[in-house]
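What follows is one structure encoded as structure tokens, with my remarks underneath.
Throughout, protein chains are lettered first and strands after them, A, B, ... in sequence-line order, and every chain is numbered starting at 1. In this text the structure is predicted, and so the values were computed from the model without any measurement.
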Amino acid sequence: MASAALLSLTLADFRSYERARLETGGRSVYLFGANGAGKTNLLEAISLLSPGKGLRGVSLAEVGRRLPGEAVGRAWAVAAEVQSGEDAPVRIGTGVEQGGAARRTVRLEGETVPPGRLADHVRPIWLTPAQDRLFLEAASERRRFFDRLVFAGEPAHAANANGYDKAQRERMRLLVDAAETGAPADAAWLTALEARLAEFGALLAQARARTLLALQAEIDGRGDRPFPLARLGLTGEWERMALEGAPFAEIELKLAQALASARARDGAAGRALTGPHRGDLAIFHVEKDRPAAECSTGEQKALILNLVLAQAARLSRAESAPNPVILLDEVAAHLDLTRRAALADELTALKLQAFLTGTDESLFDHLKGRALGVRVGDAGLTTLEDE
Amino acid sequence: MAASAGPEIERLIALLSKLPGLGPRSGRRAALALLKKRDTLLAPLATAMAEAQAKVRTCGTCGSLDVTDPCAVCADGSRDGRLLCVVEEVGSVWAMERGGSFKGRYHVLGGLLSALDGIGPEALRIGELVGRVADGSVAEVILALPATVDGQTTAHYIADRLAKTNVPVTMLARGVPVGGDLDWLDDGTIAQALRARRPA
């Protein structure tokens, strides 16, 4: 059994579920059923056992079950028993106490705790169809995707990103006001803000570079597999400096200088034109010798899947944190037979708990005997063993 | 809202609700508690508020609150006038005084720089600070500002404004709290503590 796994999952008034309970025994699970049966809802429930907005990224008021005619979602709850290593299982849960409430409560062994504490017990990482368009979308989507990979390994990344954004908003307010009124902005004030931006920005660039190198090493180190080999790159100039090994102080200094000389330009443009908030993730398909954006959708899916598996492998090696739980929504359908078999082998080899969804039971033939099959339908959740 | 309560009570509740940390519900609770203890709580509170209204003033030197101007700290000849501690609000002066380990004087800014909130240097008592430091009696300025983006931006700005005076400007250390266990610290604090390490 994986050393961090959900033993059971209970949903109450969550999305399509009035009540549902799934006993996994710590095994991986494949969920199959018709479109709209509620497979993804179950993955979303698991994703909410980590800080943040879950894999659909929605307001927490929206996930409560709603009957026709009801204006707001009901009070909902997701609870799980989690086994970490040799320790006794802990009970964690989250939900809102009033229908429509946007702020959730998190419970750990019956005590209310801050949401951040969830990260001590479950670390879900997911791949959803929404990410299929990753290579075609704006750089901001790829940056967000990559920053989540960074954050999973370095929690301070989120606080640094918030600090950076806050200082940038302050700086832009001063510059835009100056551009509109014609009165020069307070140079000392700008310098003070740019010092914050340079500090946070250098931390962001270095964290991204560290994560990129770790992921690349993970991908390269696992050699001959039926998944496409990805060559990862960060195209932002500050990330590139960090990748080339520039020390923190040098990135910080150069970024501060670049910001200081870009004031007039940024003020006129109404946005900051340099800094790690402009960075982008580039993925290159090595065998096909072309950027991911030019590959077929199936190849793109396999590239991202490979990246997510590399991330899972990387995180599972960090002893300080719980092992990841992998959520793969509608992934199997994109893979050919060879790759489906390889995915099953890989998940087994990683010794991590995974939850997969698909419309057809046959998509998971390779997982039979290695994972628990669950039919999702009008009758709720039916485990195959009980049939 | 309690429809049966008279306008006097309604007004009391409305005013109490405006206090920081209180809302309509807690305002009603507070009003009820006061009215239940009219002699032992309400009357003394009313007297205390009237006295505060009549006597408390802002110190013209440091910006703190006291019944005298200059305030007791600024007037206390036994305190070290060469050390000047810059804080955000009067609450920070009280926190420092509770600790009792600082024997210098204070300068209250009255807020922090925040472009989004429309608070610029002219809205803070930074000009007064520069004036105090420039007269030559201050040997060190200690910035005791919050470890937030606004706090650190303000600290950086003040250090810059004071650079011409050649008076050393220092900042409070950031890192492991006294009695703190490393296990409970967030990554950012540990990184700060590591950067600010000193010879043992």
Does [X] have more than 12 heavy atoms from other residues, nucleotides or ligands lying within 6.0 Å of its [atom1]?
{"X": "A:Met241", "atom1": "CE", "answer": "yes"}
{"X": "B:Arg11", "atom1": "CZ", "answer": "no"}
{"X": "A:Glu109", "atom1": "CD", "answer": "yes"}
{"X": "B:Arg29", "atom1": "CZ", "answer": "no"}
{"X": "A:Glu97", "atom1": "CD", "answer": "no"}

Checklist entry - Do the charged groups of B:Arg195 and A:Glu252 touch, with an N to O distance under 4.0 Å? => result no

Next on the checklist: Please tell me whether B:Thr153 and A:Glu170 have a donor and an acceptor in their side chains that are separated by less than 3.5 angstrom.
Outcome noted: no

Tell me, side chain or backbone of [X] under 4.5 Å from chain B's heavy atoms, or both, or neither?
{"X": "A:Glu194", "value": "neither"}
{"X": "A:Ala159", "value": "neither"}
{"X": "A:Phe200", "value": "side chain"}

Checklist entry - So what's closer than 4.5 Å to chain A heavy atoms on B:Thr189: side chain, backbone, both or neither? => result neither

Would you call [X] and [Y] a side-chain contact if the rule is heavy atoms closer than 4.5 Å?
{"X": "A:Lys166", "Y": "B:Thr148", "answer": "no"}
{"X": "A:Thr191", "Y": "B:Tyr157", "answer": "no"}
{"X": "A:Trp189", "Y": "B:Asp160", "answer": "no"}

Next on the checklist: Using modelled atom types and a 3.5 Å cut-off, is there a donor and acceptor pairing between side-chain atoms of A:Arg196 and backbone atoms of B:Gln152?
Outcome noted: yes

Item to check | Greatest number of heavy atom pairs closer than 4.5 Å to chain B - which of A:Leu174, A:Leu190, A:Asp186 | outcome: A:Asp186

